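Remarks on the structure that follows.
None of these values were measured; they are calculated from a predicted model. Every chain is numbered from 1 and lettered A, B, ... according to where its sequence line falls, protein lines coming before strand lines.
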2 protein chains.
Amino acid sequence: MFSKATEYALRATIYIARKSSEENKLGIEEIAKAINSPKSFTAKILQKLTANNGIISSVRGPGGGFYLSSKAQKRPVRDILHVMEEDGVLGKCVLGLKKCSEAMPCPMHAEYKGIKQQLIQLFEHTTIQQLARDADKIIPSNKQGRH
Amino acid sequence: MFSKATEYALRATIYIARKSSEENKLGIEEIAKAINSPKSFTAKILQKLTANNGIISSVRGPGGGFYLSSKAQKRPVRDILHVMEEDGVLGKCVLGLKKCSEAMPCPMHAEYKGIKQQLIQLFEHTTIQQLARDADKIIPSNKQGRH
DNA sequence: AAAATAAAGGATATTTTTGTCCTTAATTAT
DNA sequence: ATAATTAAGGACAAAAATATCCTTTATTTT
């Protein structure tokens with residue numbers, strides 16, 4: 001469904017959300033290892049997600065690394081797709097027609113319409129935080145100890 | 001969602017289903033023009049779909065061309081994806097994890113599960129013929145005159 | 001101030017996807 | 001038989017996606 005770059009972006013962001021905080025940043029080495037992605041390629045992707053006050057925050061130098069602000073945690077997953085310039089795939093025609101609409105539907109339009117809507121809703125309404133918490137329910141992270 | 005090659009494969013097959021019969025075959029020129037795809041590239045794709053008694057039938061020489069047997073018309077759209085080696089995308093994990101299952105779910109698994117099932121059902125239960133007929137309801141083809 | 005650390009950024013390489021062109025093979029009509 | 005037509009197939013080209021490496025910049029520690 002998505003490019004590898006976008007898959008890495010999603011995995012990395014969720015991982016950072018789970019394991020980091022402003023006090024406990026994560027290095028690219030750890031992130032790439034954890035999400036099983038090529039390090040340098042992942043670094044480029046994080047650059048994109050970090051650029052101009054983006055989704056991920058970063059600090060250089062010793063003790064530096066990547067983290068997610070609590071504000072960023074509340075952003076919808078779709079924002080990640082947007083930065084990766086792949087949010088288009090959600091609304092796109094399955095047959096790849098540029099002009100496919102209610103007025104000019106492709107042969108699959110009627111059948112696919114409902115699924116498309118659900119996809120858009122899913123990525124729009126799900127926040128990064130929700131996914132991070134879901135993941136923690138299954139394999140608890142050690143970001144914060146539970147009392 | 002799918003590669004261009006697969007989009008062309010779907011569009012071409014549906015077009016052939018609508019406009020051709022064993023008595024009235026279509027040439028690559030017409031097909032490519034109709035579905036707005038590069039001719040030679042589309043030819044390669046039709047070769048794939050034609051190979052070893054595949055979905056599309058073809059005959060060389062004058063009066064030759066491509067057509068769909070009535071048996072092929074009844075095949076599910078998923079068969080096209082299979083030939084294009086992209087039926088995998090339907091069942092694939094959204095985050096691209098190789099091992100994502102009920103037992104080892106990715107963070108999006110629960111949320112995406114239902115949509116994935118609908119996608120599989122859609123491509124499995126919809127036949128080429130159904131799409132061709134849907135399309136004809138909107139823009140009637142001239143394959144057979146209506147009395 | 002110097003050294004060490006970690007992300008940012010540029011340049012380049014590799015692989016895959018997309019696309020084109022030309023020749024070959026099969027079939028039909030002359 | 002020969003010529004014409006049309007798909008099959010091979011070789012190659014271009015573009016995009018994926019991946020690596022090296023240098024630079026910011027920050028902290030010594």
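Of the two residues contacting DNA chain D, namely F2(A) and Q47(B), the nearest-nucleotide position lying further toward the 5' end is that of Q47(B). Positionally, the nearest nucleotide of DNA chain D for G63(B) lies more toward the 5' end than for the other of G61(A) and G63(B).
You can see that DNA chain D meets the heavy atoms of chain B within a 4.0 Å-exclusive cut from dT5(D) to dA11(D), reading 5' to 3'.
Within 4.0 Å of L26(B), counting heavy atoms only, lie sugar-phosphate atoms of the nucleic acid but no base atom. No engagement by A43(A) is indicated, since no non-hydrogen atom pair under 4.0 Å with the nucleic acid exists. Within 4.0 Å (heavy atoms only), I28(B) reaches sugar-phosphate atoms of the nucleic acid but no base atom. Among the heavy atoms of the strands lying under 4.0 Å from S40(A) is at least one base atom, whether or not backbone atoms are also near.
The phosphate of dA8(C) (OP1 or OP2) has a side-chain N or O of S58(A) nearer than 4.0 angstrom. The phosphate of dG19(C) (OP1 or OP2) has a side-chain N or O of Y8(B) nearer than 4.0 angstrom.
As rounded to whole Å, 10 Å separates atom P of dT18(C) from atom NZ of K48(B). Note: NZ (K4(B)) to C1' (dG19(C)) measures 10 Å, nearest angstrom. When the C1' atom of dA6(C) is taken as reference, atom CG of L46(A) falls 13 Å away, rounded to whole Å. Here the C1' atom of nucleotide dT18(C) and the CZ atom of R11(B) are 14 Å apart, to the nearest Å. Atom pair I56(A):CD1 and dA8(C):C1' shows a separation of 14 Å (rounding to whole Å applied). Rounded to an integer number of Å, the gap from K25(B) NZ to dA26(C) P is 17 Å. The CD atom of E85(B) sits 16 Å away from the C1' atom of dT18(C) (whole-angstrom rounding).
Side-chain atoms of K44(A) come within donor-acceptor range of the base of dG10(C), with a qualifying N/O pair under 3.5 Å. A donor N or O paired with an acceptor N or O is found under 3.5 Å between the base of dA25(C) and the side-chain atoms of R60(B).
Taking the six-membered ring wherever Trp is involved, the centroid distance between the rings of F123(B) and F2(B) falls below 6.0 Å.
Between the side chains of T42(A) and S37(A), at least one donor-acceptor pair of N or O atoms lies under 3.5 Å. Remark: the H125(A) side chain and the Q130(A) side chain contain no N/O donor-acceptor pair separated by less than 3.5 Å. A donor and an acceptor atom, one from each side chain of S57(B) and S69(B), are nowhere located under 3.5 Å apart.
Contact detail for K92(B) and K116(B): the closest heavy-atom pair is O-CD, 3.9 Å.
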* To do: Check the pair R75(A), T127(A) against side-chain contact (heavy atoms from CB on, under 4.5 Å), reporting the backbone distance first and the verdict last.
  => CA-CA 5 Å; R75(A) 293 176 69 170; T127(A) 64; over 6 Å; no
* Walk me through it: do V59(A) and Y67(A) pass the test side-chain contact (heavy atoms from CB on, under 4.5 Å)? => CA-CA 9 Å; V59(A) 174; Y67(A) 68 99; 4.3 Å; yes
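A salt bridge links K48(B) with E85(B); the closest basic N to acidic carboxylate O contact falls under 4.0 Å.
Residue F41(B) places its side chain closer to dT20(C) than to any other of dT20(C), dT27(C), dA4(C).
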